[in-house]
Participant: 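Right, I'll just put the structure down here and ask away after.
Here the structure is a predicted model, which means the values were calculated and not measured. Every number for a ligand or one of its atoms is a count from 1 in the order of the listing.
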Amino acid sequence: MKVGVDREYGLVVIQGDLIAPVSDVVGVPSTERDPLRWLLEHPDRDALLDQAGKAKADLPLVVERLAPPIARPPKIIAAPVNYLDHKVEMKEQSTIADYGVFLKAPTSVIGPGGVIELPYLDKRIDQEGELAVIIGRSGRNIPRESAFDYIFGYCCLLDISMRSTEDRSTRKSFDTFTPIGPWVTTRDEISDVGALDLVCSVNDSVRQNVSTADLIYDVPLLVAYASSVMTLEVGDIIATGTPAGVGSLNDGDRVRVHIDGLGALEVGVSAAAATLYSSRPGWAPAVEPA
Ligand code: MN
């Protein structure tokens with residue numbers, strides 16, 4: 001099943017070029033702003049998903065109208081240096097095996113058709129196209145062999161990253177720095193998550209093209225490792241890492257990630273609110289002693 005959030009209809013099931021609104025079918029409260037997370041946390045989740053899956057799709061899919069499938073994940077766990085070719089391009093000596101995982105702010109999420117807002121005029125900010133895992137069941141110390149039992153589904157993700165001296169959690173947590181979508185494809189639809197082609201383009205020129213077969217920590221190992229550190233909760237997102245081909249983004253760019261079976265996520269880039277790096281709060285030039 002492909003399930004997303006439409007700004008007009010709420011929770012929707014996507015079938016080809018058509019959608020079935022299912023918020024009423026599963027009883028999402030009208031005030032709920034994160035309907036898929038609400039559904040995933042519902043005690044009758046499986047039965048409600050089953051009902052949603054039977055709804056007839058008869059309205060046109062308008063991808064630009066989709067909101068992020070999960071608006072406020074409990075947390076976003078991300079993998080640094082999880083492809084060898086990216087390790088080489090970044091001149092990294094280490095991989096995820098040494099770095100572990102890092103966290104991105106849940107407030108950095110935007111959806112398809114959203115706009116990445118560049119914070120500074122004079123800092124390089126890169127696209128990182130990635131496969132995202134959506135956690136469907138809470139767990140700690142999850143064995144690699146049962147990792148898939150804890151996965152609800154997958155989507156495309158961009159881990160937007162400033163190249164600078166700050167900690168990863170700062171450089172990658174600006175508002176708008178985690179586009180996700182366009183919808184979530186449930187785990188049962190993806191026969192082998194370890195053999196998906198990922199293509200990331202900026203303004204129609206391909207920057208990244210990889211198979212998830214090249215992941216250093218594959219999806220089950222990431223779930224096992226991350227859950228050995230912290231409890232995974234329903235709605236958590238794991239960004240699995242990016243391959244070679246990261247590059248800088250500029251005002252007016254269009255960024256697109258396509259992954260087999262997961263659709264294409266496309267967002268814009270704007271520098272309209274960008275300031276000089278030296279104007280950030282707390283920064284002060286070094287003062288020469290008298
Ligand atoms: Mn990344």
Side-chain angles (χ1 to χ4, degrees), residues 68 70 73 75-110 114 116-119 123-135 154-181 193-194 196-202 206-219 221-223 225-226 229-230 236-249 253 255-259 262 265-267 269:
I70 304 274
K75 56 186 171 292
I76 305 168
I77 302 165
V81 202
N82 200 20
Y83 287 93
L84 283 177
D85 60 357
H86 181 57
K87 174 176 183 280
V88 171
E89 81 172 339
M90 299 307 283
K91 300 185 175 62
E92 284 277 4
Q93 302 304 308
S94 305
T95 71
I96 183 171
D98 308 291
Y99 288 129
V101 290
F102 64 93
L103 294 172
K104 300 190 69 169
T107 40
S108 63
V109 167
I110 59 170
I116 298 162
E117 291 171 18
L118 303 177
K123 278 287 176 184
R124 177 175 152 179
I125 291 157
D126 288 356
Q127 104 289 343
E128 295 190 350
E130 308 195 5
L131 165 74
V133 175
I134 314 297
I135 296 299
Y154 310 100
C155 70
C156 304
L157 178 145
L158 282 158
D159 174 23
I160 303 303
S161 304
M162 178 170 75
R163 303 299 170 201
S164 185
T165 55
E166 291 88 341
D167 187 83
R168 277 191 176 84
S169 67
T170 300
R171 294 189 287 107
K172 295 163 172 274
S173 281
F174 288 90
D175 280 12
T176 74
F177 270 28
T178 311
I180 60 169
V193 76
L196 302 179
D197 285 331
L198 178 157
V199 178
C200 182
S201 326
V202 177
V206 173
R207 289 189 179 180
Q208 301 183 282
N209 188 350
V210 79
S211 166
T212 55
D214 293 346
L215 282 166
I216 297 172
Y217 277 20
D218 64 10
V219 166
L221 183 53
L222 269 174
V223 169
Y225 173 70
V229 179
M230 58 191 104
D236 278 351
I237 295 174
I238 303 180
T240 56
T242 205
V246 302
S248 68
L249 297 176
D253 283 349
V255 190
R256 185 179 190 271
V257 197
H258 177 274
I259 302 177
L262 308 185
L265 168 68
E266 191 171 335
V267 293
V269 178

Participant: So, taking the atom named CG in Asp218 and the one named OG1 in Thr212, what distance separates them when rounded to the nearest 0.5 Å?
Facilitator: 9.0 Å
Participant: Any idea which N/O/S atom from Glu130 gets closest to the Mn ion (ligand 1)?
Facilitator: OE2
Participant: Are Arg124 and Asp126 ion-paired here, with the side-chain N under 4.0 Å from a carboxylate O?
Facilitator: yes
Participant: Regarding Arg168 and the six-membered ring of Tyr99, is the cationic atom NZ or CZ under 6.0 Å from the ring centre and inside 45° of its axis?
Facilitator: yes
Participant: Just how far is it from atom NE2 of His258 to atom SG of Cys200, taken to the nearest 0.5 Å?
Facilitator: 12.5 Å
Participant: Among the N/O/S atoms of Asp159, select the one at the shortest distance from the Mn ion (ligand 1) and name it.
Facilitator: OD2
Participant: Of all N, O or S atoms in Glu128, which has the smallest distance to the Mn ion (ligand 1)?
Facilitator: OE1
